[in-house]
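Below you'll find the structure, written out as C-alpha coordinates, and then a few comments.
Side-chain atoms are counted along with the backbone in the values below, which use heavy atoms only and exclude waters and symmetry mates. As the structure lists them, so they are numbered: ligands from 1, and atoms in each ligand from 1.
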Amino acid sequence: MPTYSRPDIEFERGEGAYLFDTAGRRFLDFASGVAVNALGHAHPHLVKALTEQAQKVWHISNLFKAAGTAGQYGLAQRLVDATFADTVFFTNSGVEAWECAVKVCRKYQYETGHPERWRIITFEQAFHGRSTSAISAAQQEKLVKGFGPLVPGYDLVAFGNLNEVRAAITPETAAICVEPVQGEGGIRVGSEDFLRGLRAVCDEYGLLLMLDEIQTGMGRTGKLFAHEWAGVAPDVMAVAKGIGGGFPLGACLASEKAAVGMTGGTHGSTYGGNPLAMAVGNAVLDVVLAPGFLDGVERIAGVLQRRMEDLVRKHPAIFTEVRGKGLLLGLKSVPTNTTVIERLRANGLLSVAAGDNVVRLLPPLVIGEAEVDEAIGILDRTARELAS
Ligand SMILES: *Cc1c(COP(=O)(O)O)cnc(C)c1O
(Lines give C-alpha, C1' and ligand atoms only; values in the text may rest on other atoms or scores of the structure.)
Protein backbone atom coordinates (compact mmCIF):
# COMPACT_ATOMS: atom_id res chain seq x y z
CA MET A 1 0.00 0.00 0.00
CA PRO A 2 1.37 3.43 -0.82
CA THR A 3 1.46 4.55 2.82
CA TYR A 4 5.00 5.94 2.56
CA SER A 5 6.43 8.58 0.27
CA ARG A 6 10.06 7.72 -0.21
CA PRO A 7 12.92 9.35 -2.08
CA ASP A 8 14.22 7.77 -5.24
CA ILE A 9 17.30 6.09 -3.74
CA GLU A 10 17.93 2.41 -3.12
CA PHE A 11 20.37 1.44 -0.40
CA GLU A 12 22.46 -1.61 -0.92
CA ARG A 13 24.64 -1.94 2.15
CA GLY A 14 25.73 -0.21 5.31
CA GLU A 15 28.88 0.06 7.36
CA GLY A 16 29.05 1.82 10.71
CA ALA A 17 27.41 5.24 10.38
CA TYR A 18 27.28 5.04 6.57
CA LEU A 19 24.81 3.72 4.00
CA PHE A 20 25.71 3.12 0.34
CA ASP A 21 23.21 3.30 -2.51
CA THR A 22 23.13 1.31 -5.74
CA ALA A 23 25.13 4.06 -7.49
CA GLY A 24 27.87 3.64 -4.87
CA ARG A 25 27.08 6.98 -3.25
CA ARG A 26 27.87 7.24 0.47
CA PHE A 27 25.45 8.79 2.98
CA LEU A 28 26.11 9.66 6.61
CA ASP A 29 23.18 7.99 8.34
CA PHE A 30 21.79 10.21 11.12
CA ALA A 31 18.39 8.57 10.66
CA SER A 32 19.61 5.19 11.94
CA GLY A 33 16.41 3.49 10.80
CA VAL A 34 14.59 5.86 13.20
CA ALA A 35 16.82 5.25 16.22
CA VAL A 36 16.97 1.51 15.58
CA ASN A 37 20.51 0.96 14.29
CA ALA A 38 21.98 2.00 17.63
CA LEU A 39 25.32 0.36 16.82
CA GLY A 40 25.36 1.44 13.17
CA HIS A 41 25.23 -0.91 10.21
CA ALA A 42 26.86 -4.34 9.94
CA HIS A 43 28.39 -4.22 13.43
CA PRO A 44 30.68 -7.32 13.43
CA HIS A 45 29.53 -8.51 16.87
CA LEU A 46 25.87 -8.37 15.80
CA VAL A 47 26.52 -9.98 12.42
CA LYS A 48 28.32 -12.82 14.15
CA ALA A 49 25.55 -13.35 16.72
CA LEU A 50 22.84 -13.43 14.05
CA THR A 51 24.65 -15.64 11.54
CA GLU A 52 25.79 -18.11 14.20
CA GLN A 53 22.27 -18.41 15.57
CA ALA A 54 20.88 -18.73 12.02
CA GLN A 55 22.83 -21.99 11.63
CA LYS A 56 21.29 -23.47 14.77
CA VAL A 57 17.57 -22.75 15.12
CA TRP A 58 15.41 -19.82 13.98
CA HIS A 59 12.09 -20.37 15.62
CA ILE A 60 10.47 -22.80 18.02
CA SER A 61 7.47 -20.69 19.25
CA ASN A 62 6.79 -19.91 22.89
CA LEU A 63 5.60 -23.46 23.49
CA PHE A 64 9.26 -24.38 24.13
CA LYS A 65 12.44 -22.84 25.55
CA ALA A 66 15.57 -22.11 23.54
CA ALA A 67 19.04 -22.65 24.97
CA GLY A 68 21.81 -20.23 25.86
CA THR A 69 21.90 -16.77 24.27
CA ALA A 70 18.99 -17.80 22.03
CA GLY A 71 16.77 -18.22 25.10
CA GLN A 72 14.65 -15.54 26.72
CA TYR A 73 15.62 -15.98 30.36
CA GLY A 74 19.22 -14.87 29.93
CA LEU A 75 18.39 -11.65 28.09
CA ALA A 76 15.48 -10.94 30.42
CA GLN A 77 17.78 -11.39 33.44
CA ARG A 78 20.31 -8.95 31.98
CA LEU A 79 17.58 -6.35 31.42
CA VAL A 80 16.26 -6.93 34.94
CA ASP A 81 19.76 -6.55 36.41
CA ALA A 82 20.29 -3.27 34.52
CA THR A 83 16.92 -1.63 35.27
CA PHE A 84 14.04 -1.10 37.73
CA ALA A 85 12.29 -4.16 36.30
CA ASP A 86 11.74 -7.63 37.78
CA THR A 87 10.14 -9.25 34.75
CA VAL A 88 10.10 -8.95 30.94
CA PHE A 89 7.82 -9.90 28.02
CA PHE A 90 9.45 -9.94 24.55
CA THR A 91 7.69 -8.67 21.42
CA ASN A 92 8.60 -7.99 17.78
CA SER A 93 7.92 -4.28 17.67
CA GLY A 94 7.37 -1.14 19.67
CA VAL A 95 3.62 -1.02 19.48
CA GLU A 96 3.34 -4.61 20.72
CA ALA A 97 5.52 -3.75 23.71
CA TRP A 98 3.29 -0.74 24.34
CA GLU A 99 0.11 -2.85 24.07
CA CYS A 100 1.57 -5.31 26.57
CA ALA A 101 2.29 -2.42 28.94
CA VAL A 102 -1.32 -1.22 28.68
CA LYS A 103 -2.52 -4.72 29.51
CA VAL A 104 -0.16 -4.91 32.50
CA CYS A 105 -1.61 -1.64 33.86
CA ARG A 106 -5.22 -2.70 33.48
CA LYS A 107 -4.61 -6.18 34.86
CA TYR A 108 -2.77 -4.77 37.88
CA GLN A 109 -5.76 -2.62 38.82
CA TYR A 110 -8.14 -5.52 38.20
CA GLU A 111 -6.13 -7.92 40.35
CA THR A 112 -5.64 -5.46 43.22
CA GLY A 113 -9.30 -4.72 43.77
CA HIS A 114 -9.88 -1.87 41.31
CA PRO A 115 -11.49 -3.31 38.18
CA GLU A 116 -13.12 0.10 37.71
CA ARG A 117 -9.70 1.65 37.00
CA TRP A 118 -9.01 1.13 33.32
CA ARG A 119 -8.39 4.54 31.74
CA ILE A 120 -4.93 5.86 30.94
CA ILE A 121 -3.79 9.48 30.89
CA THR A 122 -1.69 10.31 27.82
CA PHE A 123 -0.13 13.49 26.39
CA GLU A 124 -0.63 15.81 23.45
CA GLN A 125 1.81 15.19 20.57
CA ALA A 126 2.56 11.71 21.94
CA PHE A 127 3.35 8.79 19.66
CA HIS A 128 2.92 5.19 20.78
CA GLY A 129 2.63 3.32 17.48
CA ARG A 130 -0.01 2.54 14.87
CA SER A 131 -2.38 -0.02 16.40
CA THR A 132 -5.95 1.15 16.85
CA SER A 133 -5.32 1.56 20.61
CA ALA A 134 -2.01 3.36 20.17
CA ILE A 135 -3.45 5.93 17.75
CA SER A 136 -6.36 6.39 20.14
CA ALA A 137 -3.90 7.07 22.96
CA ALA A 138 -2.14 9.78 20.94
CA GLN A 139 -5.25 11.15 19.19
CA GLN A 140 -3.23 13.19 16.69
CA GLU A 141 -5.32 14.15 13.67
CA LYS A 142 -2.80 12.71 11.20
CA LEU A 143 -2.85 9.33 12.99
CA VAL A 144 -6.57 8.89 13.60
CA LYS A 145 -8.33 10.57 10.67
CA GLY A 146 -10.63 8.06 9.00
CA PHE A 147 -9.77 5.27 11.43
CA GLY A 148 -12.49 5.98 13.96
CA PRO A 149 -14.29 5.33 16.16
CA LEU A 150 -11.34 5.54 18.52
CA VAL A 151 -10.67 2.88 21.13
CA PRO A 152 -11.98 4.34 24.41
CA GLY A 153 -9.98 4.75 27.59
CA TYR A 154 -7.37 7.42 26.87
CA ASP A 155 -7.47 10.90 28.40
CA LEU A 156 -5.21 13.44 26.72
CA VAL A 157 -3.56 16.34 28.57
CA ALA A 158 -0.82 18.88 27.76
CA PHE A 159 2.74 17.50 27.88
CA GLY A 160 4.61 18.86 30.88
CA ASN A 161 1.52 20.13 32.70
CA LEU A 162 1.10 18.45 36.11
CA ASN A 163 -1.98 20.54 36.95
CA GLU A 164 -3.77 19.15 33.90
CA VAL A 165 -2.67 15.63 34.87
CA ARG A 166 -4.13 15.99 38.36
CA ALA A 167 -7.35 17.47 36.99
CA ALA A 168 -7.74 14.55 34.54
CA ILE A 169 -7.58 11.84 37.23
CA THR A 170 -10.92 10.16 37.91
CA PRO A 171 -11.94 7.04 39.88
CA GLU A 172 -11.52 5.19 36.55
CA THR A 173 -7.86 6.15 36.01
CA ALA A 174 -5.44 3.21 36.01
CA ALA A 175 -2.16 4.69 34.81
CA ILE A 176 -0.23 7.58 33.27
CA CYS A 177 1.68 6.86 30.05
CA VAL A 178 4.45 9.19 28.87
CA GLU A 179 7.55 9.39 26.69
CA PRO A 180 10.39 10.98 28.73
CA VAL A 181 11.32 12.77 25.50
CA GLN A 182 8.63 12.96 22.83
CA GLY A 183 10.33 11.74 19.65
CA GLU A 184 7.83 11.88 16.79
CA GLY A 185 6.16 14.83 18.54
CA GLY A 186 9.19 17.05 17.92
CA ILE A 187 11.99 16.05 20.36
CA ARG A 188 10.17 17.66 23.26
CA VAL A 189 12.09 16.90 26.46
CA GLY A 190 10.02 16.27 29.57
CA SER A 191 11.71 18.06 32.47
CA GLU A 192 13.10 16.03 35.35
CA ASP A 193 10.63 17.82 37.65
CA PHE A 194 7.76 16.79 35.38
CA LEU A 195 8.78 13.11 35.49
CA ARG A 196 9.30 13.24 39.25
CA GLY A 197 5.90 14.94 39.55
CA LEU A 198 4.24 12.16 37.56
CA ARG A 199 5.82 9.56 39.84
CA ALA A 200 4.50 11.41 42.89
CA VAL A 201 0.99 11.73 41.42
CA CYS A 202 0.94 8.00 40.58
CA ASP A 203 1.99 7.11 44.11
CA GLU A 204 -0.59 9.44 45.61
CA TYR A 205 -3.51 8.05 43.60
CA GLY A 206 -2.48 4.40 43.30
CA LEU A 207 -1.82 4.66 39.54
CA LEU A 208 0.93 2.95 37.57
CA LEU A 209 3.59 5.01 35.81
CA MET A 210 4.00 3.58 32.31
CA LEU A 211 6.89 4.87 30.24
CA ASP A 212 7.23 4.61 26.49
CA GLU A 213 11.02 4.42 26.11
CA ILE A 214 10.82 2.84 22.68
CA GLN A 215 12.80 5.71 21.15
CA THR A 216 14.55 7.14 24.24
CA GLY A 217 15.88 3.85 25.59
CA MET A 218 18.91 1.63 25.02
CA GLY A 219 21.47 4.37 25.53
CA ARG A 220 20.01 6.94 23.13
CA THR A 221 20.10 9.74 25.74
CA GLY A 222 23.42 8.70 27.30
CA LYS A 223 21.82 6.60 30.05
CA LEU A 224 20.49 3.10 29.40
CA PHE A 225 16.99 4.59 29.85
CA ALA A 226 16.03 8.27 29.81
CA HIS A 227 14.08 8.16 33.08
CA GLU A 228 17.36 7.52 34.91
CA TRP A 229 18.22 11.21 34.41
CA ALA A 230 15.28 12.15 36.64
CA GLY A 231 16.10 9.49 39.22
CA VAL A 232 12.61 7.99 39.07
CA ALA A 233 11.54 4.47 38.20
CA PRO A 234 8.41 3.53 36.26
CA ASP A 235 6.21 0.54 37.06
CA VAL A 236 5.95 -0.59 33.45
CA MET A 237 8.00 0.36 30.38
CA ALA A 238 7.81 -0.30 26.64
CA VAL A 239 11.15 -0.74 24.87
CA ALA A 240 11.99 -1.48 21.23
CA LYS A 241 13.97 0.19 18.40
CA GLY A 242 17.61 0.16 19.62
CA ILE A 243 17.18 -3.03 21.66
CA GLY A 244 17.53 -5.18 18.52
CA GLY A 245 20.05 -2.99 16.70
CA GLY A 246 18.04 -3.48 13.48
CA PHE A 247 16.50 -6.87 14.19
CA PRO A 248 12.77 -6.55 15.02
CA LEU A 249 12.62 -6.78 18.81
CA GLY A 250 10.66 -5.12 21.57
CA ALA A 251 10.18 -5.72 25.27
CA CYS A 252 7.74 -4.81 28.00
CA LEU A 253 9.55 -4.43 31.33
CA ALA A 254 7.68 -4.33 34.63
CA SER A 255 8.10 -4.51 38.35
CA GLU A 256 6.93 -7.68 40.09
CA LYS A 257 4.18 -5.63 41.73
CA ALA A 258 2.84 -4.21 38.45
CA ALA A 259 2.97 -7.56 36.64
CA VAL A 260 1.01 -9.37 39.37
CA GLY A 261 -1.77 -10.34 36.95
CA MET A 262 0.39 -11.50 34.03
CA THR A 263 0.11 -15.16 34.88
CA GLY A 264 0.12 -18.28 32.68
CA GLY A 265 -2.01 -17.90 29.57
CA THR A 266 -2.87 -14.20 30.05
CA HIS A 267 -0.70 -12.91 27.21
CA GLY A 268 1.29 -14.33 24.32
CA SER A 269 3.00 -13.92 20.96
CA THR A 270 3.93 -16.39 18.24
CA TYR A 271 7.21 -14.76 17.28
CA GLY A 272 7.99 -12.63 20.34
CA GLY A 273 11.42 -13.40 21.80
CA ASN A 274 12.40 -15.82 19.06
CA PRO A 275 15.94 -17.29 19.03
CA LEU A 276 17.30 -14.95 16.35
CA ALA A 277 15.96 -11.89 18.18
CA MET A 278 17.35 -13.06 21.52
CA ALA A 279 20.80 -13.77 20.06
CA VAL A 280 20.96 -10.27 18.56
CA GLY A 281 19.47 -8.63 21.67
CA ASN A 282 22.20 -10.21 23.78
CA ALA A 283 24.85 -9.00 21.34
CA VAL A 284 23.49 -5.44 21.49
CA LEU A 285 23.61 -5.52 25.29
CA ASP A 286 27.19 -6.86 25.22
CA VAL A 287 28.19 -3.60 23.54
CA VAL A 288 25.87 -1.11 25.23
CA LEU A 289 26.55 -2.40 28.75
CA ALA A 290 30.32 -2.64 28.26
CA PRO A 291 32.15 -0.37 30.73
CA GLY A 292 32.49 3.17 29.37
CA PHE A 293 30.12 2.81 26.41
CA LEU A 294 27.34 5.03 27.76
CA ASP A 295 29.89 7.58 29.03
CA GLY A 296 31.19 7.69 25.47
CA VAL A 297 27.68 8.36 24.15
CA GLU A 298 27.25 11.20 26.62
CA ARG A 299 30.62 12.69 25.68
CA ILE A 300 30.13 12.63 21.89
CA ALA A 301 26.55 13.86 22.34
CA GLY A 302 27.92 16.88 24.21
CA VAL A 303 30.28 17.63 21.32
CA LEU A 304 27.51 17.31 18.72
CA GLN A 305 25.09 19.44 20.76
CA ARG A 306 27.62 22.26 21.19
CA ARG A 307 28.39 22.23 17.48
CA MET A 308 24.64 22.33 16.70
CA GLU A 309 24.20 25.31 19.06
CA ASP A 310 26.97 27.11 17.14
CA LEU A 311 25.17 26.30 13.91
CA VAL A 312 21.90 27.79 15.18
CA ARG A 313 23.76 31.00 16.19
CA LYS A 314 25.37 31.13 12.76
CA HIS A 315 22.16 30.49 10.75
CA PRO A 316 19.26 32.04 12.70
CA ALA A 317 17.23 32.40 9.50
CA ILE A 318 17.31 28.61 8.98
CA PHE A 319 17.54 27.00 12.42
CA THR A 320 16.07 28.47 15.60
CA GLU A 321 16.66 25.91 18.32
CA VAL A 322 18.51 22.72 19.31
CA ARG A 323 16.32 20.27 21.19
CA GLY A 324 16.89 16.92 22.80
CA LYS A 325 18.99 14.82 25.09
CA GLY A 326 22.06 12.73 24.31
CA LEU A 327 21.93 11.60 20.69
CA LEU A 328 18.15 12.13 20.43
CA LEU A 329 18.43 15.56 18.84
CA GLY A 330 16.33 17.99 16.87
CA LEU A 331 16.82 21.23 14.98
CA LYS A 332 13.76 23.44 14.86
CA SER A 333 13.71 24.86 11.36
CA VAL A 334 12.41 27.97 9.64
CA PRO A 335 11.95 26.41 6.18
CA THR A 336 9.70 23.33 6.27
CA ASN A 337 11.58 20.42 7.82
CA THR A 338 10.95 18.32 4.71
CA THR A 339 12.73 20.94 2.56
CA VAL A 340 15.71 20.90 4.92
CA ILE A 341 15.75 17.07 5.06
CA GLU A 342 15.73 16.82 1.24
CA ARG A 343 18.64 19.24 0.92
CA LEU A 344 20.59 17.48 3.65
CA ARG A 345 20.08 14.19 1.84
CA ALA A 346 21.23 15.69 -1.47
CA ASN A 347 24.36 16.77 0.43
CA GLY A 348 24.87 13.28 1.87
CA LEU A 349 23.29 13.40 5.34
CA LEU A 350 20.20 11.36 6.28
CA SER A 351 17.81 12.72 8.92
CA VAL A 352 14.18 12.25 9.99
CA ALA A 353 11.23 14.64 10.23
CA ALA A 354 9.44 15.20 13.55
CA GLY A 355 6.50 17.29 14.75
CA ASP A 356 6.84 21.05 15.45
CA ASN A 357 8.78 21.42 12.15
CA VAL A 358 11.83 19.74 13.65
CA VAL A 359 14.63 17.94 11.78
CA ARG A 360 15.54 14.91 13.89
CA LEU A 361 19.16 13.80 14.11
CA LEU A 362 19.50 10.26 15.47
CA PRO A 363 23.08 9.17 14.79
CA PRO A 364 24.18 5.67 15.70
CA LEU A 365 25.59 5.63 19.24
CA VAL A 366 29.00 4.59 17.87
CA ILE A 367 29.85 7.85 16.06
CA GLY A 368 33.09 9.69 16.74
CA GLU A 369 34.42 13.20 16.15
CA ALA A 370 34.93 12.53 12.42
CA GLU A 371 31.23 11.83 11.87
CA VAL A 372 30.28 14.88 13.95
CA ASP A 373 32.60 17.07 11.84
CA GLU A 374 31.14 15.69 8.63
CA ALA A 375 27.53 16.15 9.78
CA ILE A 376 28.12 19.72 10.95
CA GLY A 377 29.88 20.50 7.66
CA ILE A 378 26.85 19.25 5.69
CA LEU A 379 24.40 21.09 7.96
CA ASP A 380 26.41 24.32 7.56
CA ARG A 381 26.60 24.01 3.78
CA THR A 382 22.89 23.17 3.56
CA ALA A 383 21.93 26.16 5.72
CA ARG A 384 24.01 28.45 3.46
CA GLU A 385 22.32 27.02 0.35
CA LEU A 386 18.85 27.45 1.87
CA ALA A 387 19.62 31.05 2.86
CA SER A 388 20.76 32.08 -0.61
C1 LIG B 1 8.67 4.02 17.11
C2 LIG B 1 7.85 4.26 18.32
C3 LIG B 1 6.74 3.47 18.63
C4 LIG B 1 6.23 2.38 17.70
O5 LIG B 1 7.17 1.39 17.47
P6 LIG B 1 6.89 0.34 16.26
O7 LIG B 1 8.05 -0.60 16.34
O8 LIG B 1 6.86 1.16 15.00
O9 LIG B 1 5.60 -0.30 16.52
C10 LIG B 1 6.07 3.73 19.80
N11 LIG B 1 6.45 4.71 20.64
C12 LIG B 1 7.51 5.49 20.38
C13 LIG B 1 7.91 6.54 21.35
C14 LIG B 1 8.24 5.32 19.20
O15 LIG B 1 9.27 6.11 18.93
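One finds the NZ atom of K145 at 14.5 Å from the CD atom of Q140 (value rounded to the nearest 0.5 Å).
Sorted by chain and number, the residues within 4.0 Å of ligand 1 by heavy atom are S93, G94, V95, F127, H128, G129, E179, D212, I214, Q215, K241.
Ring geometry for F89 against H267 counts as tilted: the plane angle lies between 30° and 60°, on a 0 to 90° scale.
Clustering of Ile, Leu, Val, Met, Phe, Trp and Tyr by side-chain heavy atoms under 4.5 Å joins V144 with F127, I135, L143, F147, L150.
Criterion: ILVMFWY side-chain heavy atoms under 4.5 Å apart, direct or through other members. Under it, V165 and M210 are not part of a common hydrophobic cluster.
Here the side chains of D356 and Q125 are in contact, with some heavy-atom distance below 4.5 Å.
Of the N and O atoms on the side chains of S131 and E99, at least one donor lies less than 3.5 Å from an acceptor on the other residue.
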